[in-house]
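Comments concern the structure below.
Source: prediction; values computed, not measured.
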Amino acid sequence: MRLTITRQNLQRGLAAVSASIPSKTTLPVLSNVLIETQEDSIWIAGTDLDVSIRVRVPAEVVQAGAITAPGRKLLELTRELPDQPVDLQARGHQLEIGCGHSRFKLNGLPSEEFPNLPAMDFEQGWGVSERSLRQLIRSTAFAVSNEESRPILNGVYWALGDTTMTMVATNGHRLAKMEVGAAAAHGSSGEFIVPPAALAQVERLFDGDGELAVGKGGNHLGFRSDNQEVYTRLIEGRYPNYEQVIPKDNDKIARVDRDALEASVRRMAVVASDQTRRIKLSFESNRVHMDVMTPDLGEAHDELELDYEGESLQIAFNANYVLEVLRNMPEGDVKLAFRTAERAVTVEPGDGDLDYLCLVMPLRLVD
């Protein structure tokens, strides 16, 4: 293998796959990236066996071939190179790098030792808008669980239908759900539980306004555009029936500016207990009172004007969960719907244009 590539393109490709290189591994080849030539470009791939990333960048290929080289070291070295063309050449299992007057040799491993990427059936898959997919991920993935006791909740539920796609995430105390339009390539449908780490890479890499292909192969899901690919192992199991926990009869409605409510809750959270993060909200006509009392620290009170329809209500929440939901709501007003102090509150955008709903379970009220 022998080629010439700009330093910027080499750095861009290595940076794109670096997130899939494990920091610690018992398989030495996983610390390497795979570099393969293809006509007037190279493909660079990295994997930790759960998430794999593969990107293509332009290059002037003199001799075709493939090799693996230490990924993080190669990226670190590339960042320090002068802004000149970079020559790469494989000699045996060693990658020779030349740039200006600088010369380096990195010990690699045969390309045959690099794990094969999952085989995908993109032809029978789906066409998905990059913008819509990013919106789904940003609006829901924050709500996944970090507890190992319920591994199903460690993933994001993604349902692809004929004309829509839905994402849901929950940890049992909060829930986020969004639905947007989608175009199924062959009228097919599918349901997956996707690790949030993989979705974070999809959101990071597919940052344009085009369309990407989604395919499934075995227990893996693949995302592909012309120059970038992400593959992930799926979480196996059946996702809970989230519709059962979303209340449909909440009849006490509050409408309030998102930024104002978020700022007030943030202030209250400073004095809230480190263990429960509890804040109490008392809703009445056109106003909400917020109170925090932490015996070892002190107390706090704040008031906020809003539109409220319904009987007076006192309810308590974990401030962190409320803040997470508000940060992911679009700017403007938000609509909060309540039933009782023991029932979950739903939070939705005030304008109703987005099919987006979040749910927060209340905490027990204390005097």
Using distance only, find each side-chain donor-acceptor pair of residues 345-365 under 3.5 Å and give its atom names and separation, not counting sequence neighbours.
residue : atom : partner : partner atom : Å
D351    : OD1  : D353    : N            : 3.1
Y356    : OH   : S139    : O            : 2.7

With S285 via side-chain hydrogen bond (donor to acceptor under 3.5 Å, both in side chains) - residues at least two apart: none
Set of residues satisfying ring pair (Phe, Tyr, Trp, His ring centres under 6.0 Å) with respect to F338, sequence neighbours excluded: F283
ILVMFWY network linking V230 to V17, side-chain heavy atoms under 4.5 angstrom: yes
Residue list, side-chain hydrogen bond (donor to acceptor under 3.5 Å, both in side chains) with R258, at least two apart or on another chain: none
Contact check, side chains of N250 and R343, non-hydrogen atoms, under 4.5 Å: yes
Note, V292 side chain near V270 side chain (heavy atom, < 4.5 Å): no
Close side-chain approach of T47 to P115, heavy-atom, < 4.5 Å: yes
Atom CZ of R204: over 12 foreign heavy atoms under 6.0 Å: yes
From CG (L27) to CG (L49), nearest 0.5 Å: 6.5 Å
Same apolar cluster (I L V M F W Y, side chains within < 4.5 Å links), L261/V271: yes
Shortest non-hydrogen contact from G71 toward V33: CA-CG1, 3.7 Å
ring-ring contact (aromatic ring centres under 6.0 Å, His included) partners of residues 66-119, not counting sequence neighbours, each pair once: none
Counterpart residues, salt bridge (charged side-chain N to carboxylate O under 4.0 Å, His left out), relative to K105 (two or more places apart): none
Partners passing side-chain hydrogen bond (donor to acceptor under 3.5 Å, both in side chains) against D209 (at least two apart in sequence or in another chain): R131
Any residue meeting ring pair (Phe, Tyr, Trp, His ring centres under 6.0 Å) with Y242, in chain and number order, not counting sequence neighbours: Y157
Non-neighbouring partners of E203 that pass salt bridge (charged side-chain N to carboxylate O under 4.0 Å, His left out), sequence neighbours left out: R138
M290 side chain reached by S264 side chain, heavy atoms, under 4.5 Å: yes
Same cluster (ILVMFWY, side-chain, under 4.5 Å), L34 and Y231: no
Pairing residues for E311 by the side-chain contact (heavy atoms from CB on, under 4.5 Å) criterion, not counting sequence neighbours: K252
ring-ring contact (aromatic ring centres under 6.0 Å, His included): pairs with one or both residues in residues 191-211, sequence neighbours excluded: W126-F192
Side-chain touch D87/T4, heavy atoms, less than 4.5 angstrom: yes
All side-chain hydrogen bond (donor to acceptor under 3.5 Å, both in side chains) counterparts of R277, not counting sequence neighbours: N320
